[in-house]
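Keep in mind it's a predicted model, so treat the numbers as computed, not measured. Residue numbering restarts at 1 for every chain, and letters A, B, ... go by the order of the sequence lines.
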Protein chains: 2
Amino acid sequence: SETFQEISPADFFYRNRDIAGFTNPSRAIYSTIRELVENSLDACEINGILPEIYIRISPEKEPISDPSIYKIRIEDNGIGLPSNVIPSAFGQVLFGSKYKLRQTRGTFGLGGKMAILYGQITTHGQAKIISSIGDSKSYEYTLTMDIQKNRPIVIKNKTHGNKSRWHGTIVEFTTEGDYSRAMAKILDYLKQTAIVVPYANLTFVDPRGRFYKFDRATTLMPKPPTETTPHPHGIDIETLKRIIDVTNSRTMKDFMKRHFQRVGESTARKFLEFADISYKRKPKNLTQEEIVKFVNAVKNYEGFLSPDATCLSPLGKELLNTGIKKELNPEFIAVHQRRAAAYSGYPFIVEVGVAYGGDVPKSGGILLYRFANRIPLLFDEASDISYKVTNDMMNWRHYRVVPDTPLAVFVHICSTKIPYKTVGKEFIADRPEVEHEVINALREVARHLSLFLSKKHHMEREKKR
Amino acid sequence: SETFQEISPADFFYRNRDIAGFTNPSRAIYSTIRELVENSLDACEINGILPEIYIRISPEKEPISDPSIYKIRIEDNGIGLPSNVIPSAFGQVLFGSKYKLRQTRGTFGLGGKMAILYGQITTHGQAKIISSIGDSKSYEYTLTMDIQKNRPIVIKNKTHGNKSRWHGTIVEFTTEGDYSRAMAKILDYLKQTAIVVPYANLTFVDPRGRFYKFDRATTLMPKPPTETTPHPHGIDIETLKRIIDVTNSRTMKDFMKRHFQRVGESTARKFLEFADISYKRKPKNLTQEEIVKFVNAVKNYEGFLSPDATCLSPLGKELLNTGIKKELNPEFIAVHQRRAAAYSGYPFIVEVGVAYGGDVPKSGGILLYRFANRIPLLFDEASDISYKVTNDMMNWRHYRVVPDTPLAVFVHICSTKIPYKTVGKEFIADRPEVEHEVINALREVARHLSLFLSKKHHMEREKKR
Ligand SMILES: Nc1ncnc2c1ncn2[C@@H]1O[C@H](COP(=O)(O)OP(=O)(O)OP(=O)(O)O)[C@@H](O)[C@H]1O
Ligand SMILES: Nc1ncnc2c1ncn2[C@@H]1O[C@H](COP(=O)(O)OP(=O)(O)OP(=O)(O)O)[C@@H](O)[C@H]1O
Ligand SMILES: [Mg+2]
Ligand SMILES: [Mg+2]
């Protein structure tokens, strides 16, 4: 007869770590760096801090013979963490500060822990975390993860004075990595991060002691993304019940206005009339049938304003233009930002750029750069919606683009919830609303490219005469 | 300042249900059916029971206007469940009987719960489970899931007499689905399941009351897969520490022989000598350094026998041949089963078939059928390793195959751990060892195809003279 078992979420992601991007020492060291950098950038940007991030990978033994043991160290000047949450933030899977409706790189409460977990199972090491929120103290923890219980084990715990009122976080641990195989991707990741985060100072020291400095190109930071309330179209029975549980509203009308974005007096009344629920009804008294009625009505009601995108923080045309120019020095650039759209109640903005000539490679198809919430996506290109739109759906011939045209396409999507297909955050699912935005954005820049190419063609023919 | 939160695994997969294949009502009803059928087939096969599975999707309101509310009911004659685990098996995420080293369809402890969860958040319904292990009692539970706590809530609980000593499980709940959009995929899934599970009786009744019967083509069942012990190459520090925790071995030599597959007296001694660990050492006394030394040595030692594949249950050439013939009635078939291989200590067997002519479509590229542990994979084809090998790596021209050749390729992989790329089990990651097996298997059948095509070509030229 069968034996039954429950496992913790840490154990689940330990057993299935390839699903989170920790497949082998080469992929794991890449995922380690990207998860840590994304945590540091979030910790700076959310709080309007110009990021200063220092990353070092140093060999634990020489000579290096990959795969090898490395010490990973990352330092940032972000908001830091309060002492009491440090062990859980770095030692408990499904714990974090990003379970909100807000545009952040982090979303699962898992990434930093996966990096530490992989280091622990390959080197038996301990992770050291030092952090301060910028007050008079900084806190140092040495910890390991109890994977079966999904609990941090604090080995050591020190409090230091913080005279300089430094704020930030330092994370240090050992891990097995194949740096020589991952190097190109790691450098690519940092370089592309510098394109979309041009206000950050990134310093990377590799195992051979080589310095890579990505100096900030501007001190102008885009407005930080803000937390928003749910849109009615994002509501299902579970979400509704949770809001009812915590509400102080004494009427359904007030409930609608308080808990949903962009619902005012008249929208609330009209919707409740459409849903056939009395606007005076006490939310906590709704019956099961009324809850189902509400959720069905919310899906069918067409009178809601579209989701508010002011909470989002897109790159902007200027930043995208500058980044593409710096990366490819092209003969021609066109960028376009679509108006905000939504899928399942989540607002999102698509921004694209197309570059022609200059350093754009002449062969090997269209060079595609993909970004989501300012994160460069470097793997599984062929599974991504942007790849499908760029290569299968766009009719480039219509815009005078032929197989050998040196073309690069940049796609950035920002949202309160990026529809990643996997926990490893490498590609985006093909949602029809997202597909619609990407293809229309590409057609817009392709139009400008087409005008340029026809002029260029015309001038070249003139020259020949 | 940031606020921190921990969430349960049920909450994690609720928020990220698209990662588990529950994206929208059309995809969700497909995923619901496949997760339930896979549970029923496991419950039969693991125990050598000829499967009798009955699936019914019935509309909760007429006329149907998709997406719509449906009642889902599935009955099987499998091994059933003991009363005390029924609530957790169907109401607690990351709970199950398949966290073992054994070839089963289930692997995550999540699928059945996702189906019930999606039904609950779209219809506020309750799930009814009736099960018996074939003794004098059967047990009926009505339950819902507390998603935030990841605990089942038992609403009702009845014990019935079981005079007929029936064994099996019945699962029933309501869910929102878009059956008209999902219908083709659901029927395809059942039809392809019948190909690789020809000893099962499957009955499906759709929302319009139409019966689809897939009668068993044979009563011969392949030997059931068995549970196996870890192979040394599958060991990391965490796994080693867990085995040390539970071992009764008093020497490292005995530890090696008892806990690892295919390690006998001489292999144990030779390996421990290679690892520079005394074979008399008590496992529970190993120091941290010795644990690291052991794990590093295990990766580098080349004297281990390859992982034992006798625990696996491949389809077999005859079954594959019969299934392909029944599906496509081709002019020519070739099938091949590779010898067992391994990745990361997990044994796997690749079996392929190629079919030409008959009902194979003449256009639209090579028709690819993918299976893993006898599960048909119907989505995300372009991301799957078999697609890449079939379309990007195979040089079909070399085998006389041209763009309009009516060709179908079948790939089945069985393993104690299928390297799925996602929790939704729709495509397989490109592990180099798996890629190697698939391409060599395809070349083998392509050779036979090539001989056939050249004969056919020759005979057609003869005819023309
Ligand atoms: N460098 C840092 N500075 C400040 N806070 C941090 C830092 N790194 C991690 N944290 C905190 O620890 C939490 C957990 O991080 P972790 O990477 O595990 O998950 P996440 O970033 O929330 O989501 P994801 O799994 O998508 O990365 C974060 O939510 C954040 O609150
Ligand atoms: N029809 C059934 N008959 C017998 N046992 C069942 C049945 N359905 C589910 N179970 C039991 O419930 C457990 C949980 O099922 P669930 O589908 O949630 O996870 P799983 O099958 O173990 O893994 P996966 O998430 O990969 O499907 C199973 O492991 C099995 O023990
Ligand atoms: Mg993170
Ligand atoms: Mg299952």
Tell me, side chain or backbone of B/Asn24 under 4.5 Å from chain A's heavy atoms, or both, or neither? neither
Have a look at B/His124 and tell me which of A/Val295, A/Ile291, A/Leu240 forms a side chain to side chain contact (heavy atoms under 4.5 Å, CB included) with it. A/Ile291
Between A/Tyr14 and chain B, with a heavy-atom cut-off of 4.5 Å, which part of the residue counts as in contact: side chain, backbone, both or neither? side chain
Measure up the B/Phe4 and A/Phe95 rings against each other and bin them: parallel (under 30°), tilted (30 to 60°), perpendicular (over 60°). parallel
Closest non-hydrogen atom pair between A/Ile121 and B/Asp236, with its separation: O-CB, 3.7 Å
Proximal component of A/Val93, with respect to chain B [non-hydrogen, under 4.5 Å]: neither
In terms of heavy-atom pairs under 4.5 Å, which option from B/Asn16, B/Asn47, B/Leu110 contacts chain A the most? B/Asn16
Are the aromatic ring centres of A/Phe13 and B/Phe12 under 6.0 angstrom apart? yes
Could you tell me if the side chain of A/Thr422 sits less than 4.5 Å from the side chain of B/Ile19, heavy atoms only? no
To the nearest 0.5 Å, what is the distance between CD on A/Glu238 and OG1 on B/Thr122? 12.0 Å
Under a 4.5 Å heavy-atom cut-off, does chain A meet the side chain of B/Lys98, its backbone, both or neither? neither
Could you look at B/Gln5 and say if it's the side chain, the backbone, both or neither that has a heavy atom under 4.5 Å from chain A? both
Any Lys/Arg nitrogen of A/Lys299 or B/Glu176 sitting under 4.0 Å from an Asp/Glu carboxylate oxygen of the other? yes
Can you tell which of A/Glu289, A/Gln288, A/Lys417 has the highest number of heavy-atom pairs within less than 4.5 Å of chain B? A/Gln288
Looking only at heavy atoms and a cut-off of under 4.5 Å, which of B/Glu227, B/Gln148, B/Gln92, B/Gln120 has the most pairs with chain A? B/Gln148
Less than 4.0 Å between a side-chain N and a carboxylate O, is that true for B/Lys421 and A/Asp18? no
Applying a strict 4.5 Å limit to non-hydrogen atoms, the region of A/Thr239 in contact with chain B is both
A/Glu2 and B/Arg102 ion-paired at < 4.0 Å: yes
Side chain / backbone / both / neither for B/Arg15 at chain A, heavy atoms under 4.5 Å: both
Most contacts with chain B, counted as non-hydrogen pairs under 4.5 angstrom, among A/Arg242, A/Arg431, A/Lys388: A/Arg242
Residue part contacting chain A, namely of B/Thr3, when any heavy atom lies under 4.5 Å: both
Do you know which of A/Asp380, A/Ile133, A/Ile79 has the most heavy-atom pairs under 4.5 Å to chain B? A/Asp380
Could you report the tightest heavy-atom contact between B/Thr123 and A/Val292, atom names first, then the distance? O-CG2, 3.9 Å
Residue B/Ile46 versus chain A: region with a heavy atom under 4.5 Å: side chain
